[in-house]
Amino acid sequence: MLSVNNIPQVDPIIYNQIALNDLFTYAIFFLTQEGERISPENMTAACYLLFPERFALRGYPQWPVSTVVNKRWIDCINKGFIMGSTAQDFSITPKCLSVAERVVRFLQGQRQIIAINKR
């Protein structure tokens with residue numbers, strides 16, 4: 001199970017500049033790094049815990065919004081970033097790793113290297 005203690009603190013000023021699909025891609029990469037299943041529940045939890053301002057239920061910021069996460073995983077399947085299903089979980093692809101690496105650099109302050117929102 002995903003532990004709140006393992007979640008890195010990310011500045012909302014920085015992550016609010018990144019497209020939702022890219023944040024989602026980083027979140028599923030994070031799950032793999034933590035040895036967690038890429039299940040719908042874990043994807044929703046990871047997105048919310050990493051980026052609460054972007055994945056919170058409107059009007060109820062203390063709760064995650066799964067519909068936004070659902071849309072992201074459909075987009076990422078269509079782009080070839082993940083594969084799998086809700087019944088058998090998902091796995092990441094090399095394309096996912098490429099995007100996740102760019103997001104990591106952006107979150108670490110190397111914004112001049114990439115144009116994360118330009119896709």
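These numbers come from the heavy atoms of this one structure, side chains and all, not from hydrogens, waters or symmetry mates.
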Answer whether the closest heavy-atom distance between the side chains of [X] and [Y] falls below 4.5 Å.
X     : Y     : result
Ile7  : Leu50 : yes
Met43 : Leu31 : yes
Val99 : Lys79 : no

Given side chain to side chain contact (heavy atoms under 4.5 Å, CB included), test Leu20 with Val68 step by step and report yes or no. CA-CA 9 Å; Leu20 283 173; Val68 172; 4.0 Å; yes

Applying side chain to side chain contact (heavy atoms under 4.5 Å, CB included), run through Ser91 and Ile82 and close with a yes or a no. CA-CA 6 Å; Ser91 59; Ile82 61 173; over 6 Å; no

Between the side chain of [X] and the main-chain N/O of [Y], is any donor-acceptor distance below 3.5 Å?
X     : Y     : answer
Thr32 : Phe29 : yes
Gln17 : Ile13 : yes
Tyr15 : Glu53 : yes
Ser39 : Asp89 : no
Arg54 : Ile18 : yes

Whether Asp75 and Lys71 form a salt bridge (side-chain N of Lys/Arg under 4.0 Å from carboxylate O of Asp/Glu) is what I want to check. yes

Given the rule in the side chain to side chain contact (heavy atoms under 4.5 Å, CB included) test, do Asn6 and Glu34 qualify, once you have shown the distances and angles that lead to the verdict? CA-CA 8 Å; Asn6 294 346; Glu34 293 296 309; 3.1 Å; yes

Minimum heavy-atom distance between [X] and [Y], given as atom pair plus value:
X      : Y     : value
Phe24  : Cys76 : CD2-SG, 3.5 Å
Phe106 : Ile14 : CE2-O, 3.6 Å
Ala100 : Thr25 : N-CG2, 4.1 Å

Would you tell me whether Asn42 and Arg37 have side-chain atoms, one donor and one acceptor, within less than 3.5 Å of each other? no

Grouping I, L, V, M, F, W and Y whenever their side-chain heavy atoms are under 4.5 Å apart, do Met83 and Ile77 come out in a common cluster? no

Kindly write out the residues that satisfy ring-ring contact (aromatic ring centres under 6.0 Å, His included) with Phe30, not counting sequence neighbours, or none if the list is empty. none

Go through the structure and list residues passing ring-ring contact (aromatic ring centres under 6.0 Å, His included) with Phe90, not counting sequence neighbours. Trp73

Which atom pairs, donor and acceptor, lie under 3.5 Å between side-chain atoms of residues 58-67 and protein residues at least two apart or in another chain?
none

Give the intermediate values and the outcome of side chain to side chain contact (heavy atoms under 4.5 Å, CB included) for residues Cys96 and Ile28. CA-CA 9 Å; Cys96 175; Ile28 59 173; 3.9 Å; yes

